[in-house]
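Basis for what follows: all heavy atoms, side chains included, without hydrogens, waters or symmetry-related copies. Not measured: the values here are computed from a predicted model. Chain identifiers are assigned alphabetically (A, B, ...) following the order of the sequence lines, protein sequences preceding nucleic acid strands; residue numbering begins at 1 within each chain.
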Amino acid sequence: MSTRASAAVTPAVLPSTWQHIANRFSFGVDESLAASVRSAGSANAWLRSQFAWSTITDTRSAEVISWYPRLKDSPSAAWARVKADERSAWDYGFDFACYSMARKILSRRQVKEVMADFWSNLLYIPMGEDRSFPWRYSYDSVIRSRALTTYRSLLRGTIVHPAMSGWLNNSSNTRSGINENLGRELLELYTVGRPSGYDEDDVKNSARLLTGFSVRVFDDFAASYSRADHYRGRVRILGFTHANSSSDGRPAVNAYLDYLARHPATAKRIARRLCVRFVSDTPSSSLVNAVAKTYLSSDTDIRATLWTIARHPEFLAAQRKKVRTPVEDVVNVARVLGMAPTGSSSGESFAQKIIWMCNNMGQNPYTWPRPDGFPETSSTWTSPARVLRSWDMHYNLAGNWWGSQEVTLPARADQLPTQWPCTLGQLVDHQSRMLLGRAASGQLRAAVASALNLPETYAVTSAAKVTDWGWVVIRGAVLNTPEGMLR
Amino acid sequence: MNPVDDCGCGDYDVSRRSLLKAAGLASMAGVATSMFGDVLTSTVFGASDANVLVVISLRGGADGLSMMVPHAEEAYYTARPTTAIAKNALLHADSTFGLHPSFAPLGPMWLLGQVAGIHAVGLPAPNRSHFEAMETLEDADPGSSARIGWINRMVSGLAESPDVFDAMQIGDTITPTSLVGPAPTIATEAFSDLAMPFSKDPVMRQRVSDSLHAQYAAQGGLIGEAGLGAITLAGRAVAISGSVNAGPLAGVLYPKYSELGAALSSTAGLIRANVGVKAVAVDAGGWDHHVDLGYRVNDTVKDLALCLAAFFLDLGLDAGRVTVVTLSEFGRRLKENGSHGVDHGYGNAVFALGAGVNGGFYSRWPGLSAGTQVDGDLAVTTDYRSVLTEILRARFPALDTSKVFPGISYAPLGFMR
């Protein structure tokens, strides 16, 4: 006897608050995730268990890197292959984007995965960018390992990372020739933000302090700390000051990054961005203040900060208020349909095609051209053109009409009830519960009946009588309801 | 059809609208229905001879000093020992300015007087943040806290109830700030795939479309409105997809692998389809030249020039109603940095091309001597909103530009006829 939830004609759904928490802190509530929320006893207990990510086995996600062996090339080896025209920076970037997407779909450590995505979009470096690509996978590993630690730790790990040095030109920022790029964005994007009131002298001092982190870009991409290139002399940036008298500026940089991470303006900025991702496009100032307060009192602890969000009344009242980005949309659909990538040996593989599916809807992963990352606001992603393309893509995915290979496609009978006959209306409701975590509306049942030109009471006598066509029409219609676009 | 569409202010003495009418082509018009709230409205649309403004955003902060080079300034050559462009390499140089050599593909248009370079243009106050400067530039109404972009105000001022095809972003599905506001706008990467599911099966398509319409109308809110907009868009896109997706006119070559070229190719097809577009925004990224300015600016200017030259050819007869303007969030620092690049600066050059342009170099040039610089950079002597006002007044005379750019001091330079 099967214990799967989908065996029932009317599968149980999670309480709506649980479904809400799981929706927001994962890339899609599939049958297995819903089961783990139930077995945790509550959505809050599930969240806590996800915070303890190292206790969750995650074999399939850990295997993904083996599909992309070149990502583990040393920076000098990657550069050598590019110089020999064997591969391009774009090839490395494409591998990285596929790798990242497959992990979003497969990982059982969903909260960590969502936070790795959030920080990757804040401390953003695009895929395949010329000056950073050999270090991009290493940079991602740093973000992943610290995604649920503290923001202070994340800043220390990312700002002086060779990928960041290449991307924002810190690699050519030296005492004899200052390059302001990273020094400015560190203040504006990654920490205090413009309202903190820093001026052009602060920007220059920020850049001066960051001198010394050398990367031999377009040579062998070797990274080192170059004392000879470090600017020495007192710096003042906002309320931070340091004698900076040593040729090794790294302790001063760490003190500066800690100062920035703990700055109230940084707390506000990070809190607001988290609230826009997890609550709504327009979080109230009282919510943002509450989250910033926890961020400061916990010394920038990420789990404590998320916990404050998840328990806040404004969060709990914001069910289905966020529109999924195209990337979130594709990952969610793959998860709830049970489509799992199993390899990436050709352009026909699901792991590679999903990149083009996202691109078709207007968001090619890691190709935002600017250092501020993709917008977190739902309104940005809710243009008519995007919605139109999502509708079409949902049918494509439901029917695997792009012919993706190297993908697990669960047998239909394993996703359908075990008791027959069922009416068409019951089947629509069944799929709505499985894919959306809620009962079908009357409009949705009517939509499917109209599309199939059958009455809702039409009796389906066995799983075998559910045709390919009927199955696609039902699932596509479920995914295309307004609720199917929301998380 | 809105009366302003019949303004006859194009480069033709006889309005093309009346020619089309005479030729019986007005039957190309169609009707789009859309729901706004509970009100079902029908908008008649169709062939239009309205003028079109194409705004190309050079994202990242283009280096105007490399594009329109002030070659008479010793300070320029002193500040940029490895990246300055020698006077003898410049194109069409006069006593003050010359064009970057990579502008060569625009030579024919320059000689016909269809290209104007305007220098020392920018925001009223320096802002060296990409993101704030772009937001300010595109909102263009510092007196109001409402986030409404200037292109949205422009199309709102041109029609009582603007059509969804009046203002568009092409090349990117993300709506830029300049388009945000109450008038409906579209942001799309291209016009392919803008169809309802089951587009090849009319019966199925209609059933699915009706069901989605019912569900999204009942839902309301952000997603509800977008869903209804999607259904309208699909209906309209059918009418133009033939013209847009047929590709460029015979003999027109956009540079290969150029995103700007792809976006301008779609834009040209859209304009040729005569469906009433008034403003198109196109992003051209990659101008943030903190390192290796020399070859990077070469590549970006070359791409821009090749794309623009192809675009005006691709417009065919419709070129006479299309004006292009380039905008960038800020200029670069006068002094080159330690990486043969230039960091974020202030005053910049703007280019206007095509219909109505009175070609040449224009500027209230402040000079580059130490006393005239702003924090080490080129000063701004012309508010960018004044430049845009000059274009709008010439091309859209029915428009009240004081509502598009409230409270600015308008100081025309004479670069528009």
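When all heavy atoms are compared, the tightest approach of A/Asp392 to B/Pro197 is OD1-CA, 3.3 Å. Listed here is the closest heavy atom pair of B/Ser339 and A/Ser172: OG-OG, 2.8 Å. Between A/Ala385 and B/Ala187, the closest heavy-atom pair is CB-O, 3.5 Å. The two residues A/Arg389 and B/Glu189 make their nearest non-hydrogen contact at NH1-N, 4.2 Å. Residues A/Ala447 and B/Gln215 approach most closely at CB-NE2, 3.8 Å, considering heavy atoms.
The shortest distance between side-chain heavy atoms of A/Tyr395 and B/Val208 falls below 4.5 Å. The side-chain heavy atoms of A/Ile178 and B/Asn337, taken from C-beta on, include no pair separated by under 4.5 Å. Within the 4.5 Å cutoff, no side-chain heavy atoms of B/Ser209 are placed close to those of A/Trp391. Side-chain contact between B/Leu222 and A/Trp381: absent, with no pair of heavy atoms (C-beta onward) separated by less than 4.5 Å.
Listed in order of number, the residues of residues 186-194 of chain A that approach chain B to under 4.5 Å between heavy atoms are A/Glu188, A/Leu189, A/Arg194. Scanning residues 201-219 of chain A against chain B with a 4.5 Å heavy-atom cutoff picks out A/Lys204, ordered by number.
The CE atom of B/Met204 sits 6.0 Å away from atom CG of A/Leu452, with the distance rounded to the nearest 0.5 Å. Separating the OG atom in A/Ser450 from the CD atom in B/Gln206 is a distance of 9.5 Å, to the nearest 0.5 Å. For the atom pair A/Lys321 NZ and B/Ile223 CD1, the distance stands at 14.0 Å (nearest 0.5 Å). Taking CD of A/Gln443 as the reference point, atom OH of B/Tyr216 lies at 11.5 Å (rounded to 0.5 Å). Summarising the geometry, atom CD belonging to B/Glu225 is positioned 10.5 Å from atom OG1 belonging to A/Thr382; distances are rounded to the nearest 0.5 Å.
Using a distance-only test at 3.5 Å, with no hydrogens or angles considered, a donor-acceptor pair links the side chain of A/Asn179 to the main chain of B/His290. B/Asp343 places a side-chain N or O within 3.5 Å of a backbone atom of A/Glu180 that can act as its donor or acceptor partner.
Interface summary for chain A: among B/Asp210, B/Leu212, B/Ile186, B/Asp283, the most heavy-atom pairs under 4.5 angstrom belong to B/Leu212. Comparing A/Asn453, A/Leu486, A/Val323, A/Val473 by heavy-atom pairs within less than 4.5 Å of chain B, the highest count is held by A/Asn453. Contact tally against chain A (heavy-atom pairs below 4.5 Å) for B/Ser129, B/Ser211, B/Gly60: the top residue is B/Ser129. Considering only heavy-atom pairs separated by less than 4.5 Å from chain A, the leading option among B/Ala195, B/Gly341, B/Gly285 is B/Ala195. Put simply, of A/Ser171, A/Ala477, A/Pro384, the one with the most heavy-atom pairs under 4.5 Å next to chain B is A/Pro384. Of the residues considered (B/Val180, B/Thr175, B/Asn127), B/Asn127 shows the highest number of contacts with chain A, using heavy-atom pairs under 4.5 Å. The choice from B/Thr188, B/Thr185, B/Val342, B/Val291 that makes the most heavy-atom pairs within less than 4.5 Å of chain A is B/Val291.
Neither the backbone nor the side chain of A/Met393 comes within contact range of chain B; no heavy atom of the residue lies under 4.5 Å from a heavy atom of that chain. In this structure, chain A has a heavy atom under 4.5 Å from the side chain of B/Ala218, while its backbone stays farther away. There is no contact between A/Val448 and chain B, counting heavy-atom distances below 4.5 Å. In this structure, chain A has a heavy atom under 4.5 Å from the side chain of B/Asp375, while its backbone stays farther away. Neither the backbone nor the side chain of A/Ser176 comes within contact range of chain B; no heavy atom of the residue lies under 4.5 Å from a heavy atom of that chain. For B/Leu194, the parts lying under 4.5 angstrom from a heavy atom of chain A are both the backbone and the side chain. Neither the backbone nor the side chain of B/Met168 has a heavy atom closer than 4.5 Å to any heavy atom of chain A. Looking at B/Arg128, both its backbone and its side chain come within 4.5 Å of chain A, counting heavy atoms on both sides. A/Leu168 does not touch chain B: none of its heavy atoms, backbone or side chain, sits under 4.5 Å away. Contact annotation for A/Asn360: only side-chain heavy atoms (C-beta onward) come within less than 4.5 Å of a heavy atom of chain B. If you measure heavy-atom distances from B/Asp201 to chain A, you find no contacts under 4.5 Å at all. When heavy atoms are compared at a cutoff of 4.5 Å, A/Pro482 approaches chain B by way of both its backbone and its side chain. Contact of B/Gln219 with chain A is made through the side chain alone, with heavy-atom distances under 4.5 Å. For chain B, no part of A/Ser390 is nearby; none of its heavy atoms comes within less than 4.5 Å.
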| request: Please test B/Phe198 against A/Trp469 for ring-ring contact (aromatic ring centres under 6.0 Å, His included), starting from the C-alpha separation and ending with a verdict. | output: CA-CA 12 Å; B/Phe198 308 104; A/Trp469 175 249; 5.5 Å; yes

| Going through the checks in order, is the side-chain contact (heavy atoms from CB on, under 4.5 Å) test met by B/Met134 and A/Arg370? | CA-CA 12 Å; B/Met134 255 184 283; A/Arg370 303 170 356 197; 3.7 Å; yes

